[in-house]
*Asks:* 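Dropping the structure in here first, questions after.
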Amino acid sequence: MRIEQELKLGFKDVLFRPKRSTLKSRSQVNLTRDFTFKHSGRQWSGVPVIAANMDSVASFEMAAALAEHDVMTAVHKHYTVEQWAEFANTADKKTLNNVFVSTGTSDAEFEKTKQIMALSDEFIFICIDIANGYSEHLVEYVQRVRAEFPDKVISAGNVVTGDMVEELILAGADIVKVGIGPGSVCTTRVKTGVGYPQLSAIIECADAAHGLGGRIIGDGGCACAGDVSKAFGGGADFVMLGGMLAGHSESGGEVVEENGKQFMKFYGMSSESAMAKHSGGVAKYRAAEGKTVLLPYRGSVHNTISDILGGVRSTCTYVGAAQLKELTKRTTFIRVQEQENNVFGKE
């Protein structure tokens, strides 16, 4: 047993230090990133925000809506191949190019992924997603998927330390998904005692990935637009959002009415709700590691994503970053013990 004494930080622990800027308006800020990915050689251009692969967030409808903003969606893995075929036939090229096909690591899911990817050449991204990315099984699966799809962009995770980021990139991942326990409906840290404050995880994992020419996704922990900016400022190439995009008409969640008001069910993918829906309940050898909550129904996602991107643009104007790729170079974080004045409630 050993203890690491160095302090690890989450988004709530820091604020950006403002700097002189030549920007006159947030409209001058360009949020588009252009990436060429390490293994696949694929080029992609867009706004590097991703709807998380949760079935109460990342529906086909969400993918179509977010693509209008050049934003991506990691579509959840519970659609059938037939549903994917219907989507591939009706969605435009821009939408298909901004979709991750999500998968676990079983043989059945490997075959399903092959069937989905065969539906359209416009599917570029694969998201291999398991809760514990420290399993050697994930490394072997990444190698298997890379061999099958040499020209596709592969994301794998989740991990929170540089050593595992490096191993996954060397195994064939173009992008590594970073985050254990920070999500709003994740209870992994409570159930297992395992986790890593998200900002420090991003900083450390970005450093490891960029040294090898790889990329990372900061997955989880964002509760407001400022947190999204902090993730980018810490070095995340992409930022994945769950709760911030839940509760919308495009989210695919179950709508519930209570006392004349509409709510939408939102739950973690390791929650009892998710396992009851997709796995016949919680297996006896495991515990549920997610919450189920009711969110006030928020209507269309368009206003929400515009508000989030507007907040990130505003961050950039405060530190003098004309382009999103410059934000991390312009970032100085200051440690704080308070974020906002809540005398009239939280924003």
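Nothing here was measured: the structure is a model prediction, and the numbers come from that model.
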*Asks:* Kindly give the heavy-atom pair with the smallest separation between Lys12 and Gln339, and that separation in Å.
*Replies:*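 Result for this residue pair: O-NE2, 3.0 Å.
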*Asks:* Would you kindly say whether Tyr141 and Ser135 are connected by a side-chain donor-acceptor distance under 3.5 Å?
*Replies:*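 Not at all, the side chains of Tyr141 and Ser135 share no donor-acceptor pair under 3.5 Å.
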*Asks:* Which heavy atom of Gly10 sits nearest a heavy atom of Asp13, and at what distance?
*Replies:*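 Looks like N-OD2, 2.7 Å.
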*Asks:* Quick check: closest heavy atoms across Gly235 and Ala206, and the distance to 0.1 Å?
*Replies:*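 Residues Gly235 and Ala206, closest heavy atoms: O-CB, 3.4 Å.
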*Asks:* If two hydrophobic side chains count as joined below 4.5 Å and joins carry through other members, does Leu294 share a cluster with Val57?
*Replies:*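 Not linked; separate clusters.
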*Asks:* Given Phe60 and Thr95, is the side-chain contact (heavy atoms from CB on, under 4.5 Å) satisfied, shown in steps?
*Replies:* CA-CA 9 Å; Phe60 289 141; Thr95 300; over 6 Å; no
*Asks:* Between Ser120 and Glu122, does any side-chain donor sit less than 3.5 Å from a side-chain acceptor?
*Replies:*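 No, no side-chain donor-acceptor pair sits under 3.5 Å.
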*Asks:* Hey, does the side chain of Lys19 reach the backbone of Arg330 with a donor-acceptor pair shorter than 3.5 angstrom?
*Replies:*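 It does hold such a pair.
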*Asks:* Tracing side-chain links under 4.5 Å among I, L, V, M, F, W and Y, which residues wind up in one group with Ile217?
*Replies:*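 Ile217 shares its hydrophobic cluster with Phe35, Phe37, Trp44, Ile50, Met72, Phe100, Ile124, Phe125, Val153, Ile175, Phe238, Met240.
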*Asks:* Which atoms form the tightest heavy-atom contact between Ser251 and Met62, and what is the distance?
*Replies:*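 Heavy-atom minimum between the residues: OG-CE, 3.5 Å.
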*Asks:* Do the charged groups of Asp107 and Arg144 touch, with an N to O distance under 4.0 Å?
*Replies:*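 Looking at Arg144 together with Asp107, the answer is yes, because their closest N to O distance falls below 4.0 Å.
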*Asks:* Would you call Glu326 and Lys329 a salt bridge, taking side-chain N to carboxylate O under 4.0 Å as the test?
*Replies:*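 Salt bridge: no.
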*Asks:* Show the numbers, then the answer: is there a side-chain contact (heavy atoms from CB on, under 4.5 Å) between Val71 and Leu309?
*Replies:* CA-CA 10 Å; Val71 168; Leu309 300 184; 4.1 Å; yes
*Asks:* Angle class for the Tyr79/His76 ring planes (parallel below 30°, perpendicular above 60°, tilted otherwise)?
*Replies:*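 Ring orientation of Tyr79 relative to His76: parallel.
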*Asks:* Does this structure show an ion pair linking Asp70 with Lys94, if we count only N-O contacts that are shorter than 4.0 Å?
*Replies:*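 Salt bridge present between Asp70 and Lys94.
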*Asks:* Show, in sequence, the C-alpha distance, side-chain angles and deciding distance for Asn158 and Lys177, and conclude whether the side-chain contact (heavy atoms from CB on, under 4.5 Å) test is met.
*Replies:* CA-CA 5 Å; Asn158 280 28; Lys177 197 142 74 78; 3.0 Å; yes
*Asks:* Under 4.5 Å between side-chain heavy atoms, hopping through other hydrophobics if needed: is there a path connecting Val160 to Val190?
*Replies:*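 As far as the 4.5 Å side-chain criterion goes, Val190 and Val160 are not connected within one cluster.
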*Asks:* Run the side-chain contact (heavy atoms from CB on, under 4.5 Å) check on Lys152 and Arg42 step by step: do they pass?
*Replies:* CA-CA 7 Å; Lys152 301 298 184 183; Arg42 287 273 188 169; 3.4 Å; yes
*Asks:* Do you reckon Ile130 sits in the same ILVMFWY cluster as Ile169, going by side-chain contacts under 4.5 Å, direct or chained?
*Replies:*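 Yes, it is one cluster - the side chains of Ile130 and Ile169 are joined through contacts under 4.5 Å.
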*Asks:* Between the side chains of His302 and His248, does any donor sit under 3.5 Å from an acceptor?
*Replies:*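 Not at all, the side chains of His302 and His248 share no donor-acceptor pair under 3.5 Å.
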*Asks:* What are the two closest heavy atoms between Gly243 and Leu295, and how far apart are they?
*Replies:*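 Minimum heavy-atom separation between Gly243 and Leu295: O-CD1, 4.5 Å.
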*Asks:* Closest approach of Ala58 and Asn53, non-hydrogen atoms and distance?
*Replies:*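 Nearest pair, atom of Ala58 first, then Asn53: CB-CA, 4.0 Å.
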*Asks:* Between Asp121 and Lys93, does any side-chain N to carboxylate O distance fall below 4.0 Å?
*Replies:*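 Not counted as a salt bridge, because no side-chain N and carboxylate O are separated by less than 4.0 Å.
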*Asks:* Quick one, Glu111 with Lys114, criterion salt bridge (Lys or Arg N to Asp or Glu O under 4.0 Å). Give me CA distance, side-chain angles, the key distance, then yes/no.
*Replies:* CA-CA 5 Å; Glu111 292 304 317; Lys114 287 202 296 186; 3.5 Å; yes
